[in-house]
*Asks:* 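Can you keep this structure in mind? I'll have questions shortly.
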There are 2 protein chains.
Amino acid sequence: MTEPVAQQLSRRERQIMDAIYTLGRATVAEVRERLPEPPSYSAVRALLRILEEKGHLRHESEDNRYVFIPTVPAESARETALRHVLRTFFAGSAAGAMAALLELEDLELSDEEYDRLAAAIEQARREGR
Amino acid sequence: MTEPVAQQLSRRERQIMDAIYTLGRATVAEVRERLPEPPSYSAVRALLRILEEKGHLRHESEDNRYVFIPTVPAESARETALRHVLRTFFAGSAAGAMAALLELEDLELSDEEYDRLAAAIEQARREGR
DNA sequence: CCAGCACTGCTAGAAAATTAGCACCCCGCT
DNA sequence: AGCGGGGTGCTAATTTTCTAGCAGTGCTGG
């Protein structure tokens with residue numbers, strides 16, 4: 001019951017999981033704020049309960065209120081999301097995706113980030129990946 | 001009516017749009033094949049009609065059957081998808097996302113791709129982005 | 001000519017998602 | 001002790017999504 005079932009989420013469920021992943025952890029009110037055209041408090045509450053039942057979230061009590069936390073660690077979720085985008089839009093090519101990222105208008109990377117990236121690429125190359 | 005309304009898609013709608021984007025263009029049957037636990041032909045047909053009404057797709061007749069084509073060009077859709085992932089999982093940082101891409105187990109880039117990427121990075125740096 | 005096949009359009013109904021409402025609980029304050 | 005505010009659980013009902021069914025169309029081969 002606590003294992004996150006690999007099933008597709010509904011629209012709202014997706015929105016809520018996204019909100020929580022961007023925040024890391026969140027209370028009902030915080031999630032609600034992030035939703036487009038915020039539904040009622042209890043609507044959100046209900047969805048959170050469902051997500052918890054499905055095993056995507058767990059909660060802790062904090063200051064007498066619940067804080068919801070993803071059961072799937074952010075890194076895994078990230079990877080899954082990236083792979084999905086790769087598959088659907090880049091024919092699975094990570095290189096293609098990276099190229100697209102570099103093309104973003106508002107990239108704004110710092111010099112340091114450029115250096116780190118260049119280094120990461122060289123490292124990946126050496127490791128033959 | 002022909003403008004894609006920026007509203008969130010339902011689960012199935014999303015699946016279908018994804019299928020079409022990976023294929024570029026697709027017939028009903030082709031879309032259907034790609035869906036998990038393929039629903040009936042007419043179920044798919046109905047969803048396609050809805051997506052068309054909402055302005056996400058258009059169709060052409062080809063060999064007496066419809067070929068569905070996204071109204072939003074792949075590049076835009078890609079960018080939107082990437083930005084979404086950036087926002088939700090990487091605090092908006094493209095550098096973070098690229099780093100994560102480079103960490104993928106099964107990266108398998110060719111030497112040429114490494115070169116191209118390195119070059120792209122240098123170019124972006126020069127262009128001050 | 002008409003049977004079979006592969007499509008399409010449309011619609012009603014089932015199923016799932018989403019919502020609000022209401023009862024309860026705990027805590028701080030007067 | 002008795003509010004009031006801000007939480008929570010649960011449930012019923014609405015709304016949306018999703019589906020299958022059926023009728024119509026065009027083409028192809030016997």
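Just so it is clear, the model here is predicted, and its values are computed rather than measured. Below, read A as the first sequence line, B as the second, and so on, with proteins coming before strands; counting in each chain starts at 1.
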*Asks:* Provide, to the nearest angstrom, the distance between the CZ atom belonging to Arg14(A) and the C1' atom belonging to dA16(C).
*Replies:* 18 Å
*Asks:* When we call it a touch if two heavy atoms are under 4.0 Å apart, what does Ile50(B) touch: a base, just sugar-phosphate, or nothing?
*Replies:* nothing
*Asks:* If you compare all heavy atoms of Leu86(A) against all heavy atoms of Ala97(A), which two are closest, and at what distance to 0.1 Å?
*Replies:* CD2-CB, 3.4 Å
*Asks:* Looking at Ala81(A) and Phe89(B), what are the two nearest heavy atoms and their distance?
*Replies:* CB-CE1, 3.6 Å
*Asks:* Would you indicate, yes or no, if dA16(C) has its OP1 or OP2 atom less than 4.0 angstrom from a side-chain nitrogen or oxygen of Ser10(A)?
*Replies:* no
*Asks:* Taking only side-chain N and O atoms of Tyr41(B), does any of them lie within less than 4.0 angstrom of OP1 or OP2 on dT8(C)?
*Replies:* yes
*Asks:* Please tell me if Ser40(B) has a side-chain N or O lying less than 4.0 Å from either OP1 or OP2 of dA20(D).
*Replies:* yes
*Asks:* Is any side-chain N or O of Arg12(B) closer than 4.0 Å to OP1 or OP2 of dT17(D)?
*Replies:* no
*Asks:* Could you tell me how far apart Lys54(A) (NZ) and dA16(C) (P) are, to the nearest whole angstrom?
*Replies:* 11 Å
*Asks:* Can you work out whether Ala46(A) or Glu37(B) has the more 5'-proximal nearest nucleotide on DNA chain D?
*Replies:* Ala46(A)
*Asks:* Whole-Å distance between dG6(D) P and Glu33(A) CD?
*Replies:* 14 Å
*Asks:* Please pick, from dC10(D), dT19(D), dT18(C), the nucleotide with the shortest atom-to-atom distance to any side-chain atom of Leu47(B).
*Replies:* dT19(D)
*Asks:* Do the numbers put Arg32(A) on top of the ring of Tyr41(A), so that NZ or CZ is under 6.0 Å from the six-membered ring centre and no more than 45° off the axis?
*Replies:* no
*Asks:* Tell me whether Arg25(A) contacts the main-chain N or O of Val67(A) through its side chain, where contact means a donor paired with an acceptor under 3.5 Å.
*Replies:* no
*Asks:* Separation of Arg32(B) atom CZ from dC7(C) atom C1', in whole Å?
*Replies:* 14 Å
*Asks:* Closest approach to the side chain of Tyr66(A), judged atom by atom: which nucleotide of dT18(C), dT8(D), dC18(D) is it?
*Replies:* dT8(D)
*Asks:* By nearest heavy atom, map Arg49(A) and Arg11(A) onto DNA chain D; which one lands nearer the 5' end?
*Replies:* Arg49(A)
*Asks:* Using whole Å, report how far CG of Asp63(A) lies from C1' of dG28(C).
*Replies:* 14 Å
*Asks:* Leu48(B) CG to dC7(C) C1': how many Å, rounded?
*Replies:* 13 Å
*Asks:* Distance check needed: dG6(D) C1' versus Asn64(A) CG, whole Å only.
*Replies:* 10 Å
*Asks:* How close or far is atom C1' of dC7(C) from atom CD of Glu60(B), stated in whole angstroms?
*Replies:* 17 Å
*Asks:* Set out, in order, the CA-CA distance, both residues' side-chain angles and the distance that settles side chain to side chain contact (heavy atoms under 4.5 Å, CB included) for Leu109(A) and Met98(B), then state yes or no.
*Replies:* CA-CA 12 Å; Leu109(A) 298 190; Met98(B) 286 191 272; 4.2 Å; yes
